[in-house]
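Everything below concerns the one structure shown next.
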Amino acid sequence: MRIRKAVFPVAGLGTRFLPATKASAKEMLPIVDKPLIQYAVQEAISAGAEELIFITGRSKNSIMDHFDKAYELEAELASRGKGKLLETVQEILPPGITCIFIRQAEALGLGHAVLCAWPAVGDEDFSVILADDLIDGRLRPCLAQMQRVYQEYGTSVIAVERVPQEDVSSYGIVETQPVGPGLGEIRRIVEKPKPAEATSNLAVVGRYILTPRIFKLLERTQRGAGGEIQLTDAISAMIQEQTVLAYEFEGTRYDCGSKLGYLKANVEYGLKHPELADGFREYLHDLTADWSQPAGEKVVKVAKK
Ligand code: G1P
């Protein structure tokens with residue numbers, strides 16, 4: 001029981017990052033030196049995925065290029081003896097992994113994007129990863145943690161985490177019946193409820209393992225929150241027929257769809273980067289030491305410089 005196919009909905013317009021995303025994909029924004037989509041792809045591959053299905057839209061060609069072989073660049077790096085960089089470029093996609101790109105002509109929502117993957121997924125269980133939810137799974141990547149739950153229960157599994165009550169209207173929110181530690185069966189799921197209407201603060205984050213039944217249900221799903229075809233609404237229909245588990249993953253999620261989350265991720269990943277960590281830590285240390293100085297002393301320090 002291994003999930004072989006992973007779907008990456010990458011057709012969103014990325015309006016929250018304009019103007020950076022005017023002509024390029026938000027999924028190509030780097031966290032230190034790798035684009036967000038590469039972290040998502042690596043997570044899927046480390047959980048056993050072999051077929052990567054990207055649901056793309058306008059201005060997303062850079063994603064296709066990123067996972068394609070770059071003959072000229074590789075030849076150039078090889079002739080200049082830049083072996084380490086050549087390896088970095090060649091490692092982006094390990095051998096034996098297939099990429100499929102499907103164009104979502106209209107941005108009709110996450111549910112519609114997932115439905116576009118049907119011809120490529122067919123009749124097997126699959127995963128969905130939203131690249132702007134960057135998850136540092138610490139001991140094990142989030143999708144690999146979910147895969148363990150899937151192997152034990154053989155049902156759909158959705159990653160969730162607790163969020164502050166005032167933030168519930170940014171997420172799909174679930175109510176669950178406990179099954180085990182950090183694991184519950186979803187009894188109710190609502191897309192972006194108003195804080196006053198939410199009876200839970202357990203939020204869906206961008207990792208799903210789903211059965212192909214979801215496609216039939218998505219076909220029938222009407223436009224919901226924000227006028228979009230919501231994956232959450234199809235999952236809400238699915239819980240009437242099948243068990244869907246909510247799994248509280250171990251690790252830290254960075255909401256890289258928001259500027260603050262994106263900056264936090266860059267700082268945290270910078271502090272862990274093998275080549276940058278020491279210099280960056282020192283820089284942050286000096287910077288924050290400056291901030292904690294009383295105003296008077298700060299002036300003296302500046303004057304000294
Ligand atoms: C999507 C889903 C939502 C989920 C969120 C996680 O919303 O529709 O249920 O909680 O991702 O990031 P979006 O952030 O695309 O509006």
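Because only heavy atoms are used, hydrogens play no part in the values below, and waters and symmetry mates are left out as well, while side chains stay in. Numbering of ligands and ligand atoms starts at 1, following listing order.
Applying the salt bridge (Lys or Arg N to Asp or Glu O under 4.0 Å) criterion to R2, with sequence neighbours excluded, gives E50.
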Could you list each nitrogen or oxygen of ligand 1 that sits under 3.5 Å from a protein nitrogen or oxygen, with the atom names and the distance?
unit_1: ligand 1; atom_1: 7 (O); unit_2: K192; atom_2: NZ; d: 3.3
unit_1: ligand 1; atom_1: 8 (O); unit_2: E191; atom_2: OE1; d: 3.4
unit_1: ligand 1; atom_1: 8 (O); unit_2: E191; atom_2: OE2; d: 2.7
unit_1: ligand 1; atom_1: 9 (O); unit_2: G172; atom_2: N; d: 3.0
unit_1: ligand 1; atom_1: 9 (O); unit_2: E191; atom_2: OE1; d: 2.7
unit_1: ligand 1; atom_1: 9 (O); unit_2: T232; atom_2: OG1; d: 3.3
unit_1: ligand 1; atom_1: 10 (O); unit_2: G172; atom_2: N; d: 2.9
unit_1: ligand 1; atom_1: 10 (O); unit_2: V204; atom_2: O; d: 2.6
unit_1: ligand 1; atom_1: 12 (O); unit_2: D133; atom_2: OD2; d: 2.7
unit_1: ligand 1; atom_1: 16 (O); unit_2: K192; atom_2: NZ; d: 2.7

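For F126 and F215, the ring centers are positioned less than 6.0 Å apart.
In this structure, K60 is not positioned above the aromatic face of F54 in the sense of NZ or CZ being under 6.0 Å from the six-membered ring centre and within 45° of the axis. Cation-pi contact between K259 and Y262: absent, since separation from the ring centre below 6.0 Å together with deviation from the ring axis within 45° is not met.
The salt bridge (Lys or Arg N to Asp or Glu O under 4.0 Å) contacts involving residues 110-129 comprise R4-E124, K5-E124, where partners must be two or more places apart or lie in separate chains. Screening residues 73-84 for salt bridge (Lys or Arg N to Asp or Glu O under 4.0 Å), with sequence neighbours left out, gives K69-E74, E76-R80.
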